[in-house]
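Here it is, the structure in full.
Please read all numbers here as calculations on a predicted model, not as lab measurements. Numbers restart at 1 for each chain; the letters A, B, ... are given by sequence-line order, proteins then strands.
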Amino acid sequence: MLDIKFIRENVDLVKRGVANKNTDIDIDRLISLDAKRRALLAEVETIKSYRNDVSKKIGLLKKEKKPCDDIFEEMKNVGDKIKVLDDEVRNITMEIDNLLVWIPNIPHESAPVGKDSTENTFVREWGQKRQFDFEPKAHYDIGEALGILDFERATKLSGSGFILFKGMGALLERALINFMIDIHTARHGYLEVSPPFMVKSACMFGTGQLPKMEPDMYKLPEDDLFLIPTAEVPVTNIHRGEILEESELPKRFVAYTPCYRREAGSYGKETRGMVRVHQFDKVELVKLVKEGDAYPELEKLLVDAETILQILKLPYRIIELCSGDMSFAAAKCYDIEAWAPGQNGYLEVSSCSTFEDFQARRMGLRYREAESRKVKFVHTMNGSGLALPRVVVAILENYQQADGTVVIPEALRPYMGNKERIDLR
RNA sequence: GGAGAGGUGCCUGAGCGGUUGAAAGGGGCGGUCUCGAAAACCGUUGACCACGUUCGUGGUCCCAGGGUUCGAAUCCCUGCCUCUCCGCCA
């Protein structure tokens, strides 16, 4: 959420930012509602001040047992007037809030302006694409042949868009989770947390999934809970509504969770295999930092995430998203895309974004500055570190052999019984 | 699922319907003392909003939303949440 004061004082900047995010919000209407609200507020507060004065006097008169019926008569009218004005303020505030919650975060000045993914910019790349002396297969063919992926039976269980890992496939998934968390805790200094996989709507609002993304979420209406679409939601919300001490910052969390996404409207795209599924595992990095640290910390977070691919020796590139391709809450966002030879393309395995104080304002997440003792909003950010199925795809496709087996990346071998390859049985 | 208890400031915990933003203690911050620290003592310590250019003035907030009243943290209703016991259960 943007600060109404900021909007008031930067109307043009906000209009431009909103437009660059491909969003259409009537900012002028918001501004005029805001002005109206403040005028009403001034009016009703003057009357309330008067009421408070009189109430105090009544208290004193009562003590002296003096009659005050005539005052009551007058004050009844004052009370009614206040009620009417309060109602007006409440209604107009609701109207303002209904606009405000739909306004996206505005892109950082350093973020490229563009309408969609075709205008994202290349940042850097790493690694050498392997030269194959045979035609590289797609992960679903490799995995099914090895008996480690079973799409047909996954569909029997839950419909399309689900994965059944078996044997070394299941172990590979589990190994990756442990491997990634170990790197981030031991080497990068993140605190491991294991949060609930279901959250209240307040959490979903806090990180900005609600209201806009509601159709993409799995909801449990009986219990007013949502299945999390990413660990970002529970983890960023850990300190919702709190005022932290500056000395507690930055906080760095790493969490493994499954992620549930309806992927509404994306049917037909990437239906084959496990590039786009309704449930997937992910190791997520979340940072809470103080104002001013957001951008350097985002760069570090990006490096922490890409380290995983480097250790796994998987070639990748980094893309910076343009304004129109960024998510609702993001101010700046990098994607890490792993090379997948079987797809002859890149797969997004991580998205690293900073939200500045956008999420924090929604969830009331603040900190007290050590020196000034002032209360400020925390700056939040997160990035996948990394999303699992697509890393599995990249491993299967990059490490496949002519005989159909798959060599296990060295770094994962300790997590997989020191085996060197996944073979036919 | 059955039966109770309760939701007050950073925390614990008081609070007859009328100077209560809220006692007390703890914590935090500042100071005295000390070579330094601890202890002790003194002082201080909420957030948000509006208005007026520092500083101020006013308003709101005692889980949330309604209601009663001239006036509500204090009374009434609804909802939410937490805790305890029993049952069930990984």
Side-chain angles (χ1 to χ4, degrees), chain A residues 1-9 30-101 194 196-206 210 219-226 234 237-249 251 258 288 291 357 360-378:
Chain A
M1 202 150 59
L2 296 181
D3 184 2
I4 184 70
K5 273 183 270 187
F6 177 83
I7 299 175
R8 196 188 293 154
E9 287 157 17
L30 181 69
I31 294 294
S32 80
L33 284 171
D34 173 55
K36 204 162 139 197
R37 190 183 92 97
R38 284 183 292 142
L40 280 170
L41 225 40
E43 191 183 349
V44 70
E45 284 180 4
T46 308
I47 303 175
K48 281 182 178 172
S49 172
Y50 172 66
R51 178 178 71 181
N52 288 344
D53 286 348
V54 176
S55 283
K56 270 179 198 164
K57 277 182 206 139
I58 291 174
L60 296 176
L61 288 174
K62 279 278 183 189
K63 244 174 215 148
E64 297 167 33
K65 298 221 168 11
K66 286 186 183 159
C68 24
D69 290 356
D70 47 334
I71 305 183
F72 285 173
E73 194 63 33
E74 186 211 343
M75 291 315 286
K76 183 141 179 84
N77 291 330
V78 171
D80 290 345
K81 208 163 168 184
I82 289 175
K83 203 166 281 181
V84 170
L85 287 170
D86 267 347
D87 276 351
E88 269 184 74
V89 170
R90 193 181 322 134
N91 288 336
I92 203 165
T93 302
M94 266 169 55
E95 242 183 295
I96 289 172
D97 287 346
N98 282 338
L99 284 173
L100 224 41
V101 298
S194 182
F197 303 159
M198 295 183 273
V199 295
K200 301 178 185 182
S201 56
C203 294
M204 295 291 265
F205 179 81
L210 291 184
K219 193 176 183 179
L220 303 155
E222 292 277 291
D223 306 283
D224 192 30
L225 291 170
F226 290 82
N237 274 282
I238 287 174
H239 294 289
R240 171 160 51 92
E242 297 182 24
I243 300 178
L244 304 171
E245 283 299 327
E246 181 179 336
S247 57
E248 298 178 72
L249 300 177
K251 281 184 182 285
L288 310 182
E291 185 181 82
D357 63 3
R361 181 169 286 108
R362 290 179 154 242
M363 66 175 79
L365 170 53
R366 295 170 294 174
Y367 71 100
R368 194 182 302 280
E369 238 178 18
E371 233 176 279
S372 68
R373 298 269 85 198
K374 271 192 186 156
V375 176
K376 296 192 164 176
F377 285 105
V378 166

Exercise for the section: Would you mind pulling out the nucleotide paired to B/U82, Watson-Crick or G-U wobble, both distances under 3.5 Å? Expected result: B/A5

Exercise for the section: Give one of base, sugar-phosphate or nothing for A/R8, where a contact means two heavy atoms less than 4.0 Å apart. Expected result: sugar-phosphate

Problem - Separation of the C1' atoms in B/C62 and B/U54, to the nearest angstrom - result: 33 Å

Practice task
Look only at the side chain of A/R361 and the backbone of A/M1, and say whether a donor-acceptor pair between them is shorter than 3.5 Å.
Solution key: yes

Handout entry: More than 12 heavy atoms from other groups under 6.0 Å of CD on A/E9
Key = yes

Handout entry: Mate of B/G25 where both pairing distances stay under 3.5 Å, Watson-Crick or G-U
Key = B/C11

Exercise for the section: Select base, sugar-phosphate, or nothing to describe what A/K56 touches, counting heavy atoms under 4.0 Å on all strands. Expected result: nothing

Problem - Covered region of RNA chain B, 5' end to 3' end, by chain A [heavy atoms, under 4.0 Å] - result: B/G18 to B/G71

Handout entry: Identity of whatever pairs with B/G87 - Watson-Crick or G-U, under 3.5 angstrom
Key = none

Handout entry: Pairwise P distance, B/U20 and B/G2 [rounded to whole Å]
Key = 45 Å

Exercise for the section: Let me see the working for A/V378 and A/E242 under side-chain contact (heavy atoms from CB on, under 4.5 Å), right down to the final yes or no. Expected result: CA-CA 10 Å; A/V378 166; A/E242 297 182 24; over 6 Å; no

Problem - Spacing of the C1' atoms in B/G28 and B/G67 (rounded, Å) - result: 40 Å

Completion exercise
The residue, A/N52 or A/I243, whose nearest nucleotide of RNA chain B is more 5′ is A/I243

Handout entry: Spacing of the P atoms in B/G21 and B/U60 (rounded, Å)
Key = 10 Å

Handout entry: Pairing partner (Watson-Crick or G-U wobble, both distances under 3.5 angstrom) of B/A38
Key = none

Practice task
Under 4.0 Å between any heavy atoms, over every strand shown, what does A/K83 touch: base, sugar-phosphate, or nothing? Just pick one.
Solution key: sugar-phosphate

Problem - Reference residue A/K376; test salt bridge (charged side-chain N to carboxylate O under 4.0 Å, His left out); the match among A/E291, A/E245, A/E246 - result: A/E291

Handout entry: Separation of the P atoms in B/U45 and B/G6, to the nearest angstrom
Key = 34 Å

Practice task
For B/C80 and B/C63, measure between their C1' atoms and round to the nearest Å.
Solution key: 8 Å

Practice task
Indicate, with a heavy-atom threshold strictly under 4.0 Å, whether A/I58 touches base, sugar-phosphate, or nothing.
Solution key: base

Exercise for the section: Could you please name the partner base of B/A72, counting Watson-Crick and G-U wobble pairs only when both distances are under 3.5 Å? Expected result: none

Fill in the blank from the handout: pair_partner(B/U57), Watson-Crick or wobble, both distances < 3.5 Å, evaluates to B/A50

Exercise for the section: List the steps, then state whether salt bridge (charged side-chain N to carboxylate O under 4.0 Å, His left out) holds for A/R90 with A/D87. Expected result: CA-CA 5 Å; A/R90 193 181 322 134; A/D87 276 351; 3.3 Å; yes

Completion exercise
The residue, A/E245 or A/Y50, whose nearest nucleotide of RNA chain B is more 5′ is A/E245

Practice task
With heavy atoms under 4.0 Å as the rule, sort A/K374 into base, sugar-phosphate or nothing.
Solution key: nothing

Exercise for the section: Output, in order, the C-alpha distance, side-chain angles, deciding distance and verdict of side-chain contact (heavy atoms from CB on, under 4.5 Å) for A/I7 and A/L100. Expected result: CA-CA 10 Å; A/I7 299 175; A/L100 224 41; 3.6 Å; yes

Problem - Between B/A72 and B/G66 - P atom distance, rounded Å - result: 14 Å

Problem - Salt-bridge present (A/R38, A/D34; N to O < 4.0 Å) - result: yes

Problem - Residue pair A/I4, A/R8: steps toward the side-chain contact (heavy atoms from CB on, under 4.5 Å) verdict - result: CA-CA 6 Å; A/I4 184 70; A/R8 196 188 293 154; 4.2 Å; yes

Practice task
Please measure how far the P atom in B/G71 lies from the corresponding atom in B/C86, and state the result in whole Å.
Solution key: 48 Å

